[in-house]
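Working notes, beginning with the structure itself.
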Amino acid sequence: MAPTPRNAPSRNAAEPVPLARASGILAGAVRHSASRTLALFLFSTASAAAAVALPAALGHTLDLLLEEAAGEEAAGVELAVVLCAVLVAAEVLFDALEALVGGATSARSTAWLRRCGADHLLSLAPHRAAGRFTPGDLVTRLTGNAAETGTAPSTAAIGLASLLVPAGALVSLALIDLWLAVVFLAGIPLLALLLRAFARGSSDSISQYQRVQADVAGRLLEALGGARTVAAAGTAERELARVLAPLPELGAQGRRMWQVYGRASVGSGILVPLLTTVVLAVGGMRLVGGSLSVGDLLAAARYAALAAGLGAVVGQLNSLLRSGAAARRIAELLALPAVRHGTRPLPAGGPGRVELRAVTLSRGGAPVLRGVDLVVPGGTTMAVVGRSGAGKSTLAAVAGRLADPDAGVVLLDGVPLTETDPSELRREVGYAFERPVLFGETVGAAIGFGPYEPTVCEIGAAARAAGADTFVRLLPGGYSAPLADAPLSGGELQRLGLARAFAHAGRLLILDDATSSLDSVTELHVGRALVHDVRTGTRLLIAHRVSSAARADLVAWVEDGRIRRVGPHERLWEEPDYRAVFADTGQDTGGS
């Protein structure tokens with residue numbers, strides 16, 4: 001494996017995004033669930049109003065009951081008791097509605113965020129995200145981080161309403177007795193300092209915890225992808241140790257996070273009872289002096305506890321901080337620039353002429369293509385050959401706009417690919433890859449997967465051209481066989497990938513080493529089918545075999561990211577360096 005250039009960015013290291021971008025994601029989630037968020041706020045507000053009204057109602061009811069017990073006439077006792085019951089029932093009801101709507105809001109926001117993230121990810125050039133994030137990190141951002149961000153609307157609505165409880169309790173405390181409110185307000189600066197310390201300490205620890213969590217997920221995904229290799233090498237314990245290597249840091253960040261939360265909880269656990277006790281002490285003296293009734297003192301004690309209810313505020317703040325940290329990770333993904341498209345149509349009936357003008361492209365800070373000038377005449381088959389790492393697959397990606405060059409322009413029938421309508425481009429440019437990934441419920445659906453759905457006859461014809469029809473018909477159910485249950489070898493998988501490309505062949509068909517797993521006879525059959533059985537057009541083949549280059553009309557010889565020579569295979573074969581290209585690949589080196 002080549003060493004990573006010193007100045008190349010790490011795949012796991014995403015550039016920090018502005019806080020405004022993360023805030024925009026949170027605001028977007030709120031807007032997407034605006035009606036539910038509003039309903040949730042109203043339910044939370046109603047619950048808070050019931051909670052604030054209940055102590056006053058209980059205190060008033062207690063005073064009435066004491067008057068009645070003393071033999072005094074106390075009108076409205078039954079009504080006061082009923083009011084207390086109604087307030088308790090209302091608080092329970094609105095809390096239940098809050099939980100129901102809050103769960104639905106979080107689920108809806110999470111689904112929206114995942115859809116936005118997935119849509120943006122699929123809109124990128126294939127190498128763009130893979131060059132910045134590992135697959136495990138991407139999965140973590142679109143699953144766990146999206147779920148944490150998705151709770152932001154419900155947390156914000158509930159958190160905003162929860163502020164009404166201490167505010168309303170403080171106002172109610174002042175209405176009962178101004179001195180009690182003054183005593184309580186003396187402790188507010190300490191509560192503010194506690195919240196500020198919690199917010200500052202928690203934000204960084206949450207971000208670091210999510211980063212390490214994504215690292216573990218990435219390592220695990222890599223291990224699962226190479227499970228057969230690990231089993232064959234007998235390195236399961238070593239691989240397990242590699243996957244779990246970040247656990248100490250994860251544990252440290254987790255402990256740090258809970259230490260911050262614990263300090264805030266301990267601080268509130270000391271401060272809140274202390275404030276409540278002081279208020280009760282002052283209230284007791286006011287009771288003795290006749291300024292308060294017993295019911296007033298009961299209500300004041302409850303209001304002091306509600307006003308100092310730091311636990312609920314800390315919990316909501318902690319959830320918002322986690323959402324903010326997760327939103328920054330999603331923002332890093334959404335910050336990757338999407339591919340820009342044009343609207344120009346391709347010339348009708350164009351021959352598929354491909355032209356690369358001064359094309360330059362770098363990956364990871366290292367140049368892969370260097371000022372490439374190449375013309376593939378319409379209707380011809382051109383093989384691209386070169387040593388491993390010469391830039392062949394990158395050239396194939398640029399030719400069909402799976403990647404955009406850093407400099408230069410690529411044209412198809414005279415139209416720059418960057419200006420072409422994307423739907424038409426994908427109908428007219430087809431790809432087959434060395435390791436195809438198949439999509440669809442059945443084998444037939446996998447062949448038909450593409451920018452349009454071919455007919456059953458076209459699917460069968462494409463499979464015959466790719467040499468796949470014979471083994472497909474042997475499967476239980478044939479073309480209707482479930483793809484997940486089909487036992488496919490590497491060569492059979494590659495033939496299905498070729499069939500998919502043949503079924504959607506347009507004016508340009510690019511085969512990126514798509515016959516490497518085929519035996520010589522099948523490869524010869526596929527080569528003939530390209531000429532006789534597949535829609536006529538331009539063919540660009542990334543070739544490693546002499547036989548593939550020999551059957552092509554022209555050969556482009558790539559060396560160190562540049563085009564060294566272009567010409568017929570027979571003429572290039574006269575050069576020892578050209579013959580050495582095939583000797584280095586370990587393929588057959590017989591002449592044409």
Side-chain angles (χ1 to χ4, degrees), residues 125-126 339-359 361 369 372-384 392-405 407-433 448-455 458-459 461-462 465-466 497-512 514 526-543 548 551-556 558 563 566-568:
V339 176
R340 296 183 179 275
H341 299 287
T343 57
R344 286 184 60 181
L346 294 170
R353 173 187 168 93
V354 181
E355 186 175 358
L356 281 71
R357 298 178 181 172
V359 168
L361 188 145
L369 298 179
V372 171
D373 291 302
L374 179 66
V375 175
V376 186
T380 63
T381 298
M382 175 177 284
V384 180
K392 304 183 298 298
S393 291
T394 304
L395 189 149
V398 167
R401 212 194 174 193
L402 291 186
D404 284 335
V409 64
V410 182
L411 302 97
L412 178 60
D413 286 332
V415 179
L417 296 188
T418 53
E419 301 177 11
T420 308
D421 179 82
S423 59
E424 184 178 9
L425 181 65
R426 289 303 149 217
R427 293 177 66 92
E428 293 293 341
V429 179
Y431 271 93
F433 301 102
F449 181 85
Y452 58 90
E453 186 174 351
T455 65
E458 290 171 337
I459 289 175
L498 284 166
R500 179 176 61 190
F502 292 171
H504 302 88
R507 67 183 72 190
L508 173 61
L509 187 58
I510 301 173
L511 275 60
D512 187 358
V526 170
R528 290 174 177 171
L530 269 173
V531 177
H532 302 291
D533 302 326
V534 182
R535 172 184 164 178
T536 302
T538 304
R539 315 286 187 236
L540 189 64
L541 315 177
I542 305 303
S548 299
R551 283 194 297 272
D553 300 316
L554 293 171
V555 175
V558 181
I563 300 295
V566 176

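Position 1 is the first residue of the sequence, and the numbers go up from there.
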| message | Restricting to non-hydrogen atoms, name the atom on R426 and the atom on P451 that form the minimum distance, rounded to 0.1 Å. | response | O-CG, 3.5 Å

| message | Show, in sequence, the C-alpha distance, side-chain angles and deciding distance for L417 and V429, and conclude whether the side-chain contact (heavy atoms from CB on, under 4.5 Å) test is met. | response | CA-CA 11 Å; L417 296 188; V429 179; 5.8 Å; no

| message | Between R340 and T418, is the side-chain contact (heavy atoms from CB on, under 4.5 Å) condition met? List the steps. | response | CA-CA 7 Å; R340 296 183 179 275; T418 53; over 6 Å; no

| Can you find a heavy atom in the side chain of T394 that is under 4.5 Å from one in the side chain of L361? | yes

| How many angstroms lie between CD1 in I510 and OH in Y431, if you round to the nearest 0.5 Å? | 3.5 Å

| said: Suppose we screen for salt bridge (charged side-chain N to carboxylate O under 4.0 Å, His left out). Which residues come up paired with R344, at least two apart in sequence or across chains? | reply: E419

| query | Can you name the nearest heavy-atom pair linking D533 to A465, along with the distance? | reply | CB-CB, 4.2 Å

| said: When you compare the side chain of I459 with that of P454, does any pair of heavy atoms fall below 4.5 Å? | reply: yes

| query | Judged by atom type as modelled, is there a donor-acceptor pair below 3.5 Å linking the side chain of D553 to the main-chain atoms of T381? | reply | yes

| message | I want to check something: taking the side chain as every heavy atom from C-beta on, are R353 and L412 in contact at a cut-off of under 4.5 Å? | response | no

| remark: OH (Y452) and OG (S423) are apart, to the nearest 0.5 Å, by 13.0 Å

| query | Should L395 and L374 be marked as a side-chain contact (heavy atoms from CB on, under 4.5 Å) after you check the CA-CA gap, both sets of side-chain angles, and the distance that decides it? | reply | CA-CA 10 Å; L395 189 149; L374 179 66; 4.3 Å; yes

| request: Decide yes or no on side-chain contact (heavy atoms from CB on, under 4.5 Å) for R507 and R535, but give the supporting numbers first. | output: CA-CA 8 Å; R507 67 183 72 190; R535 172 184 164 178; 4.2 Å; yes

| request: Identify the heavy atoms of A556 and M382 that sit nearest to each other, and give their distance. | output: CB-SD, 3.8 Å

| Quick one: are L511 and L530 in side-chain contact, heavy atoms under 4.5 Å? | yes

| field | Close side-chain approach of V339 and R401, heavy atoms under 4.5 Å | value | yes

| message | Rounded to the nearest 0.5 Å, what separates atom CG in L346 from atom CG in L425? | response | 6.5 Å

| At their closest point, which heavy atom of G378 faces which heavy atom of T538, and how far apart are they? | CA-OG1, 3.4 Å

| Pairwise side-chain contact, V558 with I563, heavy-atom cut-off 4.5 Å (strictly under) | yes

| If you take all heavy atoms of A466 and V526, which pair is closest and at what distance? | O-CG2, 3.9 Å

| query | Do V398 and L369 have side-chain heavy atoms sitting under 4.5 Å apart? | reply | yes

| task | Would you confirm whether H504, through its side chain, and R427, through its main-chain N or O, come within 3.5 Å as a donor-acceptor pair? | result | no

| field | Minimum heavy-atom distance F502-V534, with the two atoms named | value | CG-CG2, 3.8 Å

